[in-house]
Amino acid sequence: MPKILIIDDERSIRYTLKEILEYESYTVDEAEDGERGLEMLQKSKYDVVLCDIKMPKLDGMEVLERAQILVPDTPFIMISAHGTIDTAVEATKKGAYDFLVKPPDLNRLLVSVRNALDKATLVTETKTLKKKISKTYEMVGASPALGKVKSAVAKVAPTDARVLITGPNGAGKELVARSLHEQSNRASGPLVEVNCAAIPSELIESELFGHEKGSFTSAVKQRIGKFEQANGGTLFLDEIGDMSLSAQAKVLRALQEHKITRVGGDKDITVDVRVVAATNKNLLEEIEAKNFREDLYHRLSVILIHVPPLNERREDIPDLVEKFLQDVARDYGNKPKKITPEALTYLQGLDWRGNVRELRNVVERLVIMSDETITEEDARAYAK
(Lines give C-alpha, C1' and ligand atoms only; values in the text may rest on other atoms or scores of the structure.)
Protein backbone atom coordinates (compact mmCIF):
# COMPACT_ATOMS: atom_id res chain seq x y z
CA MET A 1 0.00 0.00 0.00
CA PRO A 2 1.14 3.59 -0.59
CA LYS A 3 2.95 5.03 2.42
CA ILE A 4 2.30 8.61 3.50
CA LEU A 5 4.14 10.79 6.02
CA ILE A 6 2.33 13.61 7.85
CA ILE A 7 4.59 16.34 9.28
CA ASP A 8 2.61 18.71 11.52
CA ASP A 9 3.06 20.10 15.01
CA GLU A 10 -0.72 20.02 15.75
CA ARG A 11 -1.75 16.66 17.16
CA SER A 12 -5.39 17.16 16.19
CA ILE A 13 -4.52 17.82 12.54
CA ARG A 14 -2.26 14.77 12.41
CA TYR A 15 -5.00 12.63 13.94
CA THR A 16 -7.65 13.87 11.51
CA LEU A 17 -5.49 13.45 8.43
CA LYS A 18 -4.30 10.02 9.52
CA GLU A 19 -7.86 8.84 10.15
CA ILE A 20 -9.00 10.00 6.71
CA LEU A 21 -6.06 8.50 4.86
CA GLU A 22 -6.10 5.17 6.71
CA TYR A 23 -9.82 4.88 5.87
CA GLU A 24 -8.70 5.07 2.22
CA SER A 25 -6.30 2.16 2.93
CA TYR A 26 -3.08 4.20 2.96
CA THR A 27 -0.28 3.43 5.42
CA VAL A 28 0.39 6.58 7.47
CA ASP A 29 3.28 7.70 9.71
CA GLU A 30 3.43 10.90 11.76
CA ALA A 31 6.14 13.41 12.66
CA GLU A 32 5.51 16.17 15.22
CA ASP A 33 8.04 18.63 13.76
CA GLY A 34 10.30 19.27 10.79
CA GLU A 35 13.45 17.75 12.28
CA ARG A 36 11.67 14.53 13.13
CA GLY A 37 10.12 14.48 9.65
CA LEU A 38 13.53 14.68 7.95
CA GLU A 39 14.85 11.89 10.17
CA MET A 40 11.95 9.66 9.11
CA LEU A 41 12.46 10.53 5.44
CA GLN A 42 16.08 9.37 5.71
CA LYS A 43 15.10 6.08 7.35
CA SER A 44 12.03 5.10 5.28
CA LYS A 45 10.68 5.58 1.77
CA TYR A 46 7.42 7.49 1.51
CA ASP A 47 5.21 7.86 -1.55
CA VAL A 48 3.75 11.23 -0.50
CA VAL A 49 4.47 13.74 2.28
CA LEU A 50 1.88 16.10 3.79
CA CYS A 51 3.80 18.93 5.44
CA ASP A 52 2.67 21.91 7.51
CA ILE A 53 4.44 25.22 6.84
CA LYS A 54 4.39 26.92 10.24
CA MET A 55 6.19 24.65 12.72
CA PRO A 56 8.72 25.06 15.55
CA LYS A 57 12.40 24.06 15.16
CA LEU A 58 12.20 23.75 11.38
CA ASP A 59 9.42 25.23 9.27
CA GLY A 60 7.85 23.46 6.31
CA MET A 61 9.70 25.45 3.65
CA GLU A 62 13.06 24.43 5.11
CA VAL A 63 11.91 20.81 5.31
CA LEU A 64 10.85 21.00 1.65
CA GLU A 65 14.21 22.45 0.56
CA ARG A 66 16.21 19.79 2.41
CA ALA A 67 13.90 17.01 1.20
CA GLN A 68 14.49 18.06 -2.42
CA ILE A 69 18.11 17.01 -1.86
CA LEU A 70 17.41 13.90 0.24
CA VAL A 71 14.39 12.50 -1.63
CA PRO A 72 13.92 14.60 -4.79
CA ASP A 73 11.29 12.30 -6.32
CA THR A 74 8.96 12.26 -3.29
CA PRO A 75 5.95 14.58 -3.86
CA PHE A 76 5.29 17.14 -1.10
CA ILE A 77 1.82 18.54 -0.44
CA MET A 78 2.18 21.66 1.70
CA ILE A 79 -0.56 22.62 4.18
CA SER A 80 -1.02 25.98 5.93
CA ALA A 81 -3.66 27.77 7.97
CA HIS A 82 -2.27 31.07 6.68
CA GLY A 83 -2.39 30.28 2.99
CA THR A 84 -1.80 33.07 0.53
CA ILE A 85 -1.08 33.09 -3.18
CA ASP A 86 2.48 34.22 -2.47
CA THR A 87 3.02 31.32 -0.09
CA ALA A 88 1.60 28.83 -2.58
CA VAL A 89 3.80 30.20 -5.37
CA GLU A 90 6.90 30.06 -3.17
CA ALA A 91 6.17 26.47 -2.16
CA THR A 92 5.67 25.46 -5.80
CA LYS A 93 8.92 27.14 -6.85
CA LYS A 94 10.75 25.17 -4.17
CA GLY A 95 9.39 21.89 -5.52
CA ALA A 96 6.04 21.30 -3.78
CA TYR A 97 3.55 19.25 -5.76
CA ASP A 98 0.49 20.99 -4.31
CA PHE A 99 -0.63 23.50 -1.68
CA LEU A 100 -3.69 23.09 0.57
CA VAL A 101 -5.28 25.47 3.07
CA LYS A 102 -6.17 24.32 6.62
CA PRO A 103 -8.56 22.84 7.36
CA PRO A 104 -8.23 20.96 4.07
CA ASP A 105 -11.34 20.01 2.14
CA LEU A 106 -11.64 16.20 2.29
CA ASN A 107 -12.27 15.64 -1.42
CA ARG A 108 -9.57 18.14 -2.41
CA LEU A 109 -7.08 16.39 -0.10
CA LEU A 110 -7.79 12.91 -1.47
CA VAL A 111 -7.64 14.06 -5.08
CA SER A 112 -4.32 15.79 -4.44
CA VAL A 113 -2.87 12.67 -2.77
CA ARG A 114 -4.03 10.41 -5.61
CA ASN A 115 -2.59 12.74 -8.24
CA ALA A 116 0.70 12.99 -6.34
CA LEU A 117 0.88 9.18 -6.19
CA ASP A 118 0.22 8.97 -9.93
CA LYS A 119 3.01 11.47 -10.58
CA ALA A 120 5.44 9.54 -8.37
CA THR A 121 4.58 6.32 -10.22
CA LEU A 122 5.17 7.99 -13.58
CA VAL A 123 8.54 9.34 -12.43
CA THR A 124 9.61 5.88 -11.26
CA GLU A 125 8.40 4.19 -14.46
CA THR A 126 10.15 6.80 -16.59
CA LYS A 127 13.45 6.27 -14.76
CA THR A 128 13.12 2.49 -15.10
CA LEU A 129 12.35 2.81 -18.81
CA LYS A 130 15.31 5.14 -19.35
CA LYS A 131 17.60 2.62 -17.63
CA LYS A 132 16.26 -0.17 -19.85
CA ILE A 133 16.71 1.94 -22.98
CA SER A 134 20.19 3.00 -21.89
CA LYS A 135 21.15 -0.64 -21.26
CA THR A 136 19.71 -1.68 -24.62
CA TYR A 137 21.81 0.88 -26.45
CA GLU A 138 25.05 0.63 -24.49
CA MET A 139 28.37 0.08 -26.27
CA VAL A 140 29.50 -3.41 -25.29
CA GLY A 141 33.08 -4.64 -25.46
CA ALA A 142 36.55 -4.09 -24.01
CA SER A 143 38.68 -4.20 -27.16
CA PRO A 144 41.29 -1.47 -27.72
CA ALA A 145 39.44 -0.37 -30.86
CA LEU A 146 36.18 0.18 -28.99
CA GLY A 147 38.10 1.66 -26.07
CA LYS A 148 39.27 4.50 -28.34
CA VAL A 149 35.67 5.23 -29.28
CA LYS A 150 34.50 5.25 -25.64
CA SER A 151 37.40 7.49 -24.65
CA ALA A 152 36.59 9.97 -27.41
CA VAL A 153 32.91 10.01 -26.41
CA ALA A 154 33.79 10.67 -22.75
CA LYS A 155 35.96 13.65 -23.73
CA VAL A 156 33.63 15.16 -26.30
CA ALA A 157 30.19 14.53 -24.78
CA PRO A 158 30.28 17.29 -22.11
CA THR A 159 31.03 19.90 -24.78
CA ASP A 160 28.70 21.26 -27.47
CA ALA A 161 31.16 20.42 -30.24
CA ARG A 162 29.63 18.97 -33.40
CA VAL A 163 30.63 15.36 -34.10
CA LEU A 164 30.82 13.37 -37.32
CA ILE A 165 30.65 9.61 -36.77
CA THR A 166 31.98 7.39 -39.54
CA GLY A 167 31.94 3.64 -40.02
CA PRO A 168 30.27 0.83 -41.96
CA ASN A 169 26.57 -0.02 -41.74
CA GLY A 170 25.66 -1.97 -38.62
CA ALA A 171 28.84 -1.10 -36.72
CA GLY A 172 27.05 0.93 -34.01
CA LYS A 173 27.17 4.58 -35.09
CA GLU A 174 23.75 5.17 -33.53
CA LEU A 175 25.03 3.86 -30.19
CA VAL A 176 27.85 6.40 -30.27
CA ALA A 177 25.37 9.20 -30.98
CA ARG A 178 23.17 8.09 -28.06
CA SER A 179 26.16 7.89 -25.73
CA LEU A 180 27.22 11.41 -26.74
CA HIS A 181 23.74 12.68 -25.88
CA GLU A 182 23.35 10.74 -22.62
CA GLN A 183 26.73 11.89 -21.30
CA SER A 184 26.20 15.51 -22.36
CA ASN A 185 24.77 18.52 -20.55
CA ARG A 186 21.77 18.14 -22.86
CA ALA A 187 20.83 14.68 -21.58
CA SER A 188 17.58 15.98 -20.07
CA GLY A 189 16.62 17.41 -23.47
CA PRO A 190 15.35 15.48 -26.50
CA LEU A 191 17.42 13.26 -28.76
CA VAL A 192 15.83 13.49 -32.22
CA GLU A 193 16.98 11.09 -34.93
CA VAL A 194 16.65 11.58 -38.68
CA ASN A 195 17.63 8.92 -41.20
CA CYS A 196 18.50 11.07 -44.20
CA ALA A 197 18.68 8.02 -46.50
CA ALA A 198 15.12 6.95 -45.69
CA ILE A 199 13.48 10.29 -46.57
CA PRO A 200 12.89 11.25 -50.23
CA SER A 201 14.97 14.26 -51.28
CA GLU A 202 11.84 16.34 -51.99
CA LEU A 203 10.62 15.83 -48.40
CA ILE A 204 13.88 16.15 -46.43
CA GLU A 205 13.64 19.94 -46.05
CA SER A 206 10.10 19.72 -44.68
CA GLU A 207 11.23 16.92 -42.33
CA LEU A 208 14.16 18.92 -40.98
CA PHE A 209 12.77 22.45 -40.92
CA GLY A 210 9.00 21.95 -40.91
CA HIS A 211 6.51 23.70 -43.17
CA GLU A 212 3.71 26.20 -43.02
CA LYS A 213 0.12 25.32 -43.86
CA GLY A 214 -0.50 25.62 -47.61
CA SER A 215 3.21 25.80 -48.52
CA PHE A 216 2.69 22.90 -50.95
CA THR A 217 -0.20 20.73 -52.12
CA SER A 218 -0.25 18.22 -49.24
CA ALA A 219 0.62 20.75 -46.51
CA VAL A 220 -2.85 20.79 -44.95
CA LYS A 221 -1.51 22.00 -41.59
CA GLN A 222 1.62 23.50 -40.06
CA ARG A 223 4.38 21.02 -39.22
CA ILE A 224 7.21 21.43 -36.72
CA GLY A 225 10.50 20.12 -38.11
CA LYS A 226 13.19 18.04 -36.45
CA PHE A 227 15.41 21.05 -35.70
CA GLU A 228 12.66 22.64 -33.62
CA GLN A 229 11.75 19.32 -31.99
CA ALA A 230 15.39 18.92 -30.90
CA ASN A 231 15.60 22.41 -29.38
CA GLY A 232 17.61 22.21 -26.16
CA GLY A 233 18.81 18.73 -27.04
CA THR A 234 20.62 16.79 -29.75
CA LEU A 235 19.77 16.27 -33.42
CA PHE A 236 21.25 13.07 -34.88
CA LEU A 237 21.51 13.19 -38.68
CA ASP A 238 22.15 9.59 -39.68
CA GLU A 239 23.44 8.80 -43.19
CA ILE A 240 24.00 12.49 -43.87
CA GLY A 241 25.96 11.60 -47.00
CA ASP A 242 22.61 10.89 -48.69
CA MET A 243 21.20 14.37 -48.04
CA SER A 244 20.34 16.55 -51.06
CA LEU A 245 22.54 19.55 -51.83
CA SER A 246 19.66 22.01 -51.29
CA ALA A 247 18.98 20.56 -47.83
CA GLN A 248 22.71 20.67 -47.09
CA ALA A 249 22.70 24.42 -47.75
CA LYS A 250 19.90 24.97 -45.25
CA VAL A 251 21.57 22.76 -42.64
CA LEU A 252 24.76 24.80 -43.09
CA ARG A 253 22.83 28.02 -42.41
CA ALA A 254 21.23 26.47 -39.31
CA LEU A 255 24.67 25.54 -37.98
CA GLN A 256 26.16 28.95 -38.76
CA GLU A 257 23.33 31.19 -37.54
CA HIS A 258 21.39 28.88 -35.17
CA LYS A 259 18.27 29.82 -37.11
CA ILE A 260 15.92 27.92 -39.41
CA THR A 261 13.01 28.87 -41.64
CA ARG A 262 10.07 26.56 -42.25
CA VAL A 263 9.26 25.63 -45.85
CA GLY A 264 6.83 28.24 -47.16
CA GLY A 265 7.59 30.60 -44.26
CA ASP A 266 9.51 33.84 -44.02
CA LYS A 267 10.09 33.98 -40.28
CA ASP A 268 13.48 33.08 -38.77
CA ILE A 269 13.20 30.69 -35.81
CA THR A 270 16.10 30.51 -33.36
CA VAL A 271 17.10 26.96 -32.35
CA ASP A 272 19.54 25.68 -29.73
CA VAL A 273 20.58 22.29 -31.08
CA ARG A 274 23.71 20.19 -30.95
CA VAL A 275 24.12 18.36 -34.25
CA VAL A 276 25.70 14.91 -34.39
CA ALA A 277 25.98 13.38 -37.87
CA ALA A 278 26.90 9.92 -39.12
CA THR A 279 27.73 8.38 -42.47
CA ASN A 280 28.99 5.15 -43.99
CA LYS A 281 30.32 7.06 -47.00
CA ASN A 282 33.70 8.68 -47.54
CA LEU A 283 32.58 12.31 -47.51
CA LEU A 284 35.90 13.54 -48.90
CA GLU A 285 35.26 11.44 -51.99
CA GLU A 286 31.68 12.74 -52.09
CA ILE A 287 33.05 16.29 -52.01
CA GLU A 288 35.31 15.52 -54.97
CA ALA A 289 32.30 14.12 -56.81
CA LYS A 290 30.33 17.33 -56.05
CA ASN A 291 27.76 15.37 -54.02
CA PHE A 292 28.57 16.94 -50.66
CA ARG A 293 29.37 20.51 -49.63
CA GLU A 294 32.90 20.98 -48.35
CA ASP A 295 31.88 23.86 -46.07
CA LEU A 296 29.21 21.69 -44.45
CA TYR A 297 31.72 18.87 -43.98
CA HIS A 298 34.04 21.18 -42.05
CA ARG A 299 31.13 22.47 -39.96
CA LEU A 300 30.08 18.95 -39.02
CA SER A 301 33.49 17.40 -38.46
CA VAL A 302 34.76 19.44 -35.53
CA ILE A 303 35.33 16.03 -33.94
CA LEU A 304 35.65 12.84 -35.99
CA ILE A 305 34.86 9.49 -34.36
CA HIS A 306 35.37 6.33 -36.40
CA VAL A 307 33.47 3.20 -35.34
CA PRO A 308 35.48 0.13 -36.36
CA PRO A 309 33.80 -2.84 -38.09
CA LEU A 310 33.18 -5.94 -36.00
CA ASN A 311 35.90 -7.85 -37.87
CA GLU A 312 38.44 -5.44 -36.33
CA ARG A 313 37.29 -6.12 -32.78
CA ARG A 314 36.48 -9.83 -32.69
CA GLU A 315 37.44 -10.00 -29.01
CA ASP A 316 34.19 -8.14 -28.26
CA ILE A 317 32.02 -10.89 -29.79
CA PRO A 318 31.61 -12.97 -26.55
CA ASP A 319 30.42 -9.91 -24.61
CA LEU A 320 28.09 -8.88 -27.45
CA VAL A 321 26.65 -12.39 -27.72
CA GLU A 322 25.96 -12.48 -23.98
CA LYS A 323 24.20 -9.13 -24.17
CA PHE A 324 22.10 -10.20 -27.14
CA LEU A 325 21.14 -13.44 -25.38
CA GLN A 326 19.84 -11.32 -22.49
CA ASP A 327 18.06 -8.90 -24.85
CA VAL A 328 16.35 -11.64 -26.85
CA ALA A 329 15.25 -13.45 -23.69
CA ARG A 330 13.73 -10.23 -22.35
CA ASP A 331 11.96 -9.52 -25.64
CA TYR A 332 10.51 -13.04 -25.78
CA GLY A 333 9.79 -13.27 -22.05
CA ASN A 334 12.02 -16.33 -21.66
CA LYS A 335 15.01 -17.37 -19.58
CA PRO A 336 18.33 -16.47 -21.29
CA LYS A 337 19.95 -19.38 -23.10
CA LYS A 338 23.56 -20.39 -22.59
CA ILE A 339 26.21 -20.79 -25.27
CA THR A 340 29.24 -23.08 -25.24
CA PRO A 341 32.81 -21.74 -25.51
CA GLU A 342 33.23 -23.75 -28.74
CA ALA A 343 30.22 -22.01 -30.28
CA LEU A 344 31.62 -18.62 -29.32
CA THR A 345 34.99 -19.48 -30.84
CA TYR A 346 33.25 -20.49 -34.06
CA LEU A 347 31.30 -17.21 -34.15
CA GLN A 348 34.51 -15.24 -33.59
CA GLY A 349 36.04 -16.85 -36.68
CA LEU A 350 33.24 -15.84 -39.07
CA ASP A 351 33.29 -12.89 -41.45
CA TRP A 352 30.84 -10.28 -40.11
CA ARG A 353 30.21 -8.07 -43.12
CA GLY A 354 26.96 -6.91 -41.52
CA ASN A 355 28.81 -6.04 -38.30
CA VAL A 356 27.09 -5.88 -34.91
CA ARG A 357 23.62 -5.75 -36.49
CA GLU A 358 24.25 -9.04 -38.29
CA LEU A 359 25.57 -10.64 -35.09
CA ARG A 360 22.39 -9.57 -33.25
CA ASN A 361 20.24 -11.24 -35.91
CA VAL A 362 22.32 -14.42 -35.79
CA VAL A 363 22.03 -14.64 -31.99
CA GLU A 364 18.24 -14.28 -32.23
CA ARG A 365 18.15 -17.03 -34.86
CA LEU A 366 20.27 -19.31 -32.65
CA VAL A 367 18.00 -18.69 -29.66
CA ILE A 368 14.96 -19.68 -31.71
CA MET A 369 16.48 -22.74 -33.40
CA SER A 370 18.57 -24.17 -30.56
CA ASP A 371 17.78 -26.07 -27.36
CA GLU A 372 18.60 -24.73 -23.88
CA THR A 373 22.32 -24.49 -24.68
CA ILE A 374 23.64 -23.20 -28.01
CA THR A 375 26.35 -25.57 -29.22
CA GLU A 376 29.02 -25.35 -31.90
CA GLU A 377 26.85 -27.61 -34.08
CA ASP A 378 23.99 -25.10 -33.74
CA ALA A 379 26.30 -22.25 -34.67
CA ARG A 380 27.59 -24.09 -37.72
CA ALA A 381 24.04 -24.93 -38.81
CA TYR A 382 22.33 -21.59 -38.27
CA ALA A 383 24.94 -18.82 -38.05
CA LYS A 384 25.29 -18.31 -41.80
Side-chain angles (χ1 to χ4, degrees), residues 1-131 185-190 231-233:
M1 296 302 299
K3 194 173 180 182
I4 298 174
L5 175 63
I6 300 169
I7 308 174
D8 200 305
D9 61 318
E10 294 183 56
R11 184 188 298 270
S12 59
I13 292 291
R14 295 201 308 273
Y15 176 80
T16 302
L17 292 175
K18 184 174 183 179
E19 191 174 52
I20 292 167
L21 294 168
E22 286 185 336
Y23 182 78
E24 295 292 320
S25 300
Y26 297 121
T27 300
V28 182
D29 286 343
E30 302 175 49
E32 65 279 4
D33 57 51
E35 288 184 356
R36 176 61 181 153
L38 287 173
E39 289 175 10
M40 295 178 72
L41 282 168
Q42 288 178 297
K43 292 178 182 177
S44 302
K45 184 184 182 307
Y46 292 95
D47 298 290
V48 177
V49 177
L50 300 175
C51 184
D52 187 22
I53 290 184
K54 299 293 182 182
M55 294 185 293
K57 295 184 181 179
L58 207 63
D59 70 26
M61 291 297 190
E62 291 180 84
V63 174
L64 175 61
E65 286 183 9
R66 296 189 190 184
Q68 291 300 300
I69 299 171
L70 291 172
V71 284
D73 294 334
T74 303
F76 263 66
I77 299 173
M78 308 304 291
I79 306 174
S80 177
H82 312 283
T84 64
I85 293 177
D86 289 343
T87 308
V89 169
E90 184 187 357
T92 303
K93 283 183 177 179
K94 290 184 177 179
Y97 173 76
D98 202 355
F99 182 89
L100 303 177
V101 178
K102 284 184 181 179
D105 173 81
L106 173 59
N107 290 327
R108 173 84 169 80
L109 170 68
L110 293 177
V111 167
S112 183
V113 169
R114 290 190 196 109
N115 289 343
L117 286 169
D118 287 343
K119 182 201 172 189
T121 300
L122 283 172
V123 168
T124 302
E125 289 177 350
T126 300
K127 285 190 171 183
T128 302
L129 185 59
K130 282 184 176 179
K131 284 181 181 177
N185 298 326
R186 296 172 177 266
S188 59
N231 194 48

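This chain uses plain numbering: 1 for the first residue, then up along the sequence. Computation of the quantities below employed the complete heavy-atom set of this structure, encompassing side-chain atoms and omitting hydrogens, waters and symmetry-equivalent molecules.
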Problem set entry | Validation row: L109, L50 side chains within 4.5 angstrom (heavy atoms) | yes
Exercise. Is the closest side-chain heavy-atom distance between P104 and L17 below 4.5 Å?
Worked result: yes
Exercise. Salt bridge between D73 and K45, side-chain N to carboxylate O under 4.0 Å?
Worked result: no
Problem set entry | Test: K93 and E90 ion pair at under 4.0 Å | no
Problem set entry | Qualifying residue, where the test is side-chain contact (heavy atoms from CB on, under 4.5 Å) with T74 and the options are D47, V49, V48 | V49
How long is the straight-line distance from [atom2] of [Y] back to [atom1] of [X], given to the nearest 0.5 Å?
X	Y	atom1	atom2	answer
Y15	I6	OH	CD1	12.0 Å
Y26	L110	OH	CG	6.5 Å
S112	L100	OG	CG	5.0 Å
F99	T87	CZ	OG1	5.5 Å

Exercise. Listed by chain and number, what are the side chain to side chain contact (heavy atoms under 4.5 Å, CB included) partners of T16, not counting sequence neighbours?
Worked result: I20
For this session: Could you tell me whether the side chain of R36 and the main chain of A31 form a donor-acceptor pair under 3.5 Å?
Result: no
Exercise. When you look at N115 and D98, which way does the side chain to side chain contact (heavy atoms under 4.5 Å, CB included) test go after all the steps?
Worked result: CA-CA 10 Å; N115 289 343; D98 202 355; over 6 Å; no
Identify every side-chain donor-acceptor pair in residues 51-71 under 3.5 Å, counting partners at least two apart or on other chains, and give the distances.
unit_1, atom_1, unit_2, atom_2, d
D52, OD1, K102, NZ, 3.4
D52, OD2, K102, NZ, 3.3
D59, OD1, M61, N, 3.1
D59, OD1, E62, N, 2.9
E65, OE2, K94, NZ, 2.7

Problem set entry | Least distance between heavy atoms, G232 atom then P190 atom | C-CD, 4.3 Å
Exercise. Given D33 and D9, is the side chain to side chain contact (heavy atoms under 4.5 Å, CB included) satisfied, shown in steps?
Worked result: CA-CA 5 Å; D33 57 51; D9 61 318; 5.5 Å; no
